[in-house]
Amino acid sequence: MSLDAVEQDAQWMRLALAQAQSAADAGEVPVGAVLVCNGELVAVGRNAPIHTHDPSAHAEMLALRSAAASLKNYRLKDCELFVTLEPCPMCAGAMLHARLKRVVFGAADPKTGAAGSVLNLFAYNQLNHQTRVQGGVLAQECVAVLQGFFKSRRQAQQSTANPLREDALRTPLSRFEGLAPMPGLSHYMNNLPALQGLRLHYVDAGPTDAGQVTLCLHGSQSWSQAWRSVMAERVAAGERVLALDLPGFGKSDKPKKQTLHTLQWHTQVVLEWLQRLRLPTVLLLESQADAVHFPSSADASGLTTRQTLGEALLNLATPRIVRRESCLLSTMSSSEMNAPYPDQGHRAALRALSLTLTKTP
């Protein structure tokens with residue numbers, strides 16, 4: 001296969017990965033598919049058995065149905081299907097019935113794969129049609145999406161098993177329904193010493209083997225959703241990007257007492273979180289319009305200076321943060337801004353940090 005053909009396969013698989021991410025955002029197992037005919041995109045599909053109450057609503061099946069309807073022919077002999085996970089027997093059978101020219105998949109499925117892992121339906125010469133099969137295209141990326149999804153599910157289950165602290169609130173997930181999806185998977189952590197059982201939320205997107213990670217740090221009146229567009233751009237460029245919800249913000253637990261929200265505590269939480277993730281070097285991003293400012297201790301002259309949380313992290317000389325940049329974010333809608341905060345009781349962190357916010361000239 002020529003280099004051009006290899007790159008073309010990778011491009012189609014990236015589109016399938018985008019469908020897989022959409023499935024994950026909807027709570028479905030992240031499998032995505034695209035169907036191509038003579039080099040042109042005809043149909044897409046993503047896993048949807050849960051929401052459709054249909055056991056056959058696999059990504060490949062939905063792509064096949066859409067393509068057949070679009071082309072007005074159930075025979076798809078000139079078509080190629082790209083899917084992020086090795087097809088199961090049901091999907092493999094449908095592909096053979098459709099007379100697909102070629103099937104390309106990313107990750108192997110050792111439990112139900114019907115293209116060589118458990119059995120190979122495509123290898124039976126007795127069948128009246130043979131479909132060419134190729135596996136392993138962007139396999140690591142496809143595996144990472146699946147692993148991230150199930151890791152997030154396990155973390156969510158563990159967090160649910162741990163009771164919410166009496167002095168904190170937790171925003172119902174229903175408040176976040178209908179918001180534009182983040183370009184990554186949600187994760188939760190509640191076993192950091194500084195958290196003392198509180199649940200911390202963050203979004204992780206992009207390749208896990210990136211040599212440098214970009215950390216998006218929201219401001220005093222914002223939360224991780226504000227970084228959605230920036231994250232999408234950087235992930236599309238091949239970067240790994242994290243967006244953290246500080247305690248009291250976004251999907252993280254929200255302590256009720258304003259006095260808890262100090263520079264030292266927030267900084268300690270972030271540093272412990274970075275250490276637990278064992279990240280490589282980190283580029284820290286802050287918003288130009290919404291940086292978190294805290295009063296620092298008095299300097300040698302006796303004057304009190306002010307600094308952002310990002311500056312505080314750098315001043316603590318954590319070796320993981322190599323540099324800091326600021327960027328301009330698009331404005332969030334009112335529904336996005338207010339989603340984490342059903343009432344004033346959920347806004348203790350916002351009130352506490354706004355008291356120490358310094359507006360830059």
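Everything numeric in this text was worked out from a predicted model, so none of it was measured.
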> Taking 4.0 angstrom as the limit, do Arg165 and Asp167 come out as a salt bridge?
Replying inline: yes
>> Can you tell whether the side chains of Arg14 and Glu7 come within less than 4.0 Å, N to carboxylate O?
In response: yes
>> Could you report the tightest heavy-atom contact between Phe249 and Ser222, atom names first, then the distance?
In response: CD2-O, 3.2 Å
> So if you build clusters from Ile, Leu, Val, Met, Phe, Trp, Tyr with side-chain heavy-atom gaps below 4.5 Å, do Val42 and Leu64 land together?
Replying inline: yes
> What heavy-atom pair brings Pro30 and Leu146 nearest, and what distance separates the two atoms?
Replying inline: O-CD2, 3.6 Å
>> Please determine whether the number of non-hydrogen atoms from other residues, nucleotides or ligands lying under 6.0 Å from atom CD of Gln130 exceeds 12.
In response: yes
> Under 3.5 Å, is there a donor-acceptor pair between the side chain of Glu86 and the main chain of Gly106?
Replying inline: no
> Where does the angle between the aromatic ring planes of Trp273 and Tyr202 fall among parallel (under 30°), tilted (30 to 60°) and perpendicular (over 60°)?
Replying inline: perpendicular
> Are Asp253 and Leu164 close enough that some pair of their side-chain heavy atoms sits under 4.5 Å apart?
Replying inline: yes
>> When you compare the side chain of Arg99 with that of Tyr74, does any pair of heavy atoms fall below 4.5 Å?
In response: no
>> Membership question, hydrophobic clusters at under 4.5 Å side-chain separation (ILVMFWY): are Phe149 and Leu277 in the same one?
In response: no
> Any idea which heavy atoms bring Ala10 and Leu138 closest together, and the distance?
Replying inline: O-CD1, 3.5 Å
> Any donor and acceptor pair, going by atom type alone, linking the side chain of Glu28 with main-chain N or O of His51 inside 3.5 Å?
Replying inline: yes
>> Holding to side chain to side chain contact (heavy atoms under 4.5 Å, CB included), I want the full list of residues that pass it with Val137, two or more places apart in sequence or in another chain.
In response: Asp9, Met13, Val104, Gln134
> If you count the non-hydrogen atoms of other residues, nucleotides and ligands that lie under 6.0 Å from NE2 in His97, is the total more than 12?
Replying inline: no
> Does His266 have its ring centroid less than 6.0 Å away from the ring centroid of His261?
Replying inline: yes
>> Side chains of Cys142 and Leu17, heavy atoms from C-beta outward: is any pair under 4.5 Å?
In response: yes
> Do side-chain atoms of Gln19 reach the backbone of Thr84 as a donor and acceptor pair under 3.5 angstrom?
Replying inline: no
> Between Val34 and Ala16, what is the shortest heavy-atom contact and its length?
Replying inline: CG1-N, 3.8 Å
> Heavy atoms, side chains only, cut-off 4.5 Å: are Asn38 and Glu40 in contact?
Replying inline: no
> Just how far is it from atom CG of Leu35 to atom SG of Cys79, taken to the nearest 0.5 Å?
Replying inline: 5.0 Å
> Is it the case that Thr171 and Lys254 place a side-chain donor and acceptor less than 3.5 Å from each other?
Replying inline: yes
> Does Asn47 reach the main-chain N or O of Val29 with its side chain, forming a donor-acceptor pair under 3.5 Å?
Replying inline: yes
> Hey, are the side chains of Trp227 and Val241 touching, using non-hydrogen atoms and a 4.5 Å cut-off?
Replying inline: no
> Going through the checks in order, is the side chain to side chain contact (heavy atoms under 4.5 Å, CB included) test met by Leu96 and Leu127?
Replying inline: CA-CA 9 Å; Leu96 289 166; Leu127 298 176; 3.7 Å; yes
> Should Met337 and Leu179 be regarded as members of a common hydrophobic cluster, given that ILVMFWY residues are connected when their side-chain heavy atoms come within less than 4.5 Å of each other, either directly or indirectly?
Replying inline: yes
> Yes or no on side chain to side chain contact (heavy atoms under 4.5 Å, CB included) for Thr281 and Val213, after CA distance, side-chain angles and deciding distance?
Replying inline: CA-CA 6 Å; Thr281 56; Val213 175; over 6 Å; no
> Heavy atoms, side chains only, cut-off 4.5 Å: are Arg234 and Leu283 in contact?
Replying inline: yes
> Quick one: do Asp204 and Arg240 make a salt bridge, cutoff under 4.0 Å?
Replying inline: yes
> Could you state the interatomic distance from CD (Glu233) to CD (Glu239), rounded to the nearest 0.5 Å?
Replying inline: 10.5 Å
>> Cys216 vs Met231, test: side chain to side chain contact (heavy atoms under 4.5 Å, CB included). Steps then yes/no.
In response: CA-CA 8 Å; Cys216 300; Met231 290 184 72; 4.2 Å; yes
> Between Ala67 and Ala43, which heavy-atom pair has the shortest distance, and what is it?
Replying inline: N-CB, 3.6 Å
> Among the clusters formed by ILVMFWY side chains lying less than 4.5 Å apart, do Tyr188 and Leu169 turn up in the same one?
Replying inline: no
>> Is there a path of hydrophobic side-chain contacts, each under 4.5 Å between heavy atoms of I/L/V/M/F/W/Y residues, joining Phe82 to Met90?
In response: no
> What is the minimum heavy-atom distance between Leu121 and Ala92, and which atoms define it?
Replying inline: CD1-CB, 3.8 Å
>> Return the CZ to NE2 distance between Arg75 and His129, rounded to the nearest 0.5 Å.
In response: 9.0 Å
> For His58, what residues pass the side chain to side chain donor-acceptor pair (under 3.5 Å) criterion, not counting sequence neighbours?
Replying inline: none
>> Could you go through Arg276 and Asn191, starting from their C-alpha distance and side-chain angles, then the distance that decides it, and tell me whether this counts as side-chain hydrogen bond (donor to acceptor under 3.5 Å, both in side chains)?
In response: CA-CA 10 Å; Arg276 182 63 58 85; Asn191 57 354; 3.0 Å; yes
> Does the separation of the ring centres of Trp223 and Phe176 fall below 6.0 angstrom?
Replying inline: yes
>> Please enumerate all residues that pass salt bridge (Lys or Arg N to Asp or Glu O under 4.0 Å) together with Asp245, with sequence neighbours excluded.
In response: none
>> Is a donor from one side chain sitting under 3.5 angstrom from an acceptor on the other, for Glu272 and Gln268?
In response: yes
> Which value, rounded to the nearest 0.5 Å, describes the distance between Met189 atom CE and Leu195 atom CG?
Replying inline: 8.5 Å
> Listed by chain and number, what are the salt bridge (Lys or Arg N to Asp or Glu O under 4.0 Å) partners of Glu141, not counting sequence neighbours?
Replying inline: none
> Is a donor on one side and an acceptor on the other found under 3.5 Å between the side chain of Arg199 and the backbone of Ser252?
Replying inline: no
> Which value, rounded to the nearest 0.5 Å, describes the distance between Met182 atom CE and Ser229 atom OG?
Replying inline: 9.5 Å
> Which residues pass the side chain to side chain contact (heavy atoms under 4.5 Å, CB included) test with Leu62, sequence neighbours left out?
Replying inline: Ala48, Ala57, Arg65
> Would a 4.5 Å heavy-atom cut-off, applied to side chains only, mark Leu71 and Leu76 as touching?
Replying inline: yes
>> Among residues at least two apart in sequence or on other chains, which ones pass side chain to side chain contact (heavy atoms under 4.5 Å, CB included) with Gln258?
In response: Ala348, Arg351, Ala352, Leu355
>> For Val203 and Leu185: C-alpha separation, side-chain torsions, deciding distance, then whether side chain to side chain contact (heavy atoms under 4.5 Å, CB included) applies.
In response: CA-CA 5 Å; Val203 178; Leu185 297 176; over 6 Å; no
>> I'd like to know if the side chain of His218 reaches the main chain of Glu286, judged simply by a donor and an acceptor atom lying under 3.5 Å from each other, with no hydrogens or angles considered.
In response: no
>> What's the separation between atom CE in Met95 and atom CE in Met61, rounded to the nearest 0.5 Å?
In response: 9.0 Å
> Looking only at side chains, do Gln21 and Asp25 share a donor and an acceptor under 3.5 Å apart?
Replying inline: yes
>> Using side-chain heavy atoms (C-beta onward) and a distance below 4.5 Å, is Leu244 in contact with Val270?
In response: yes
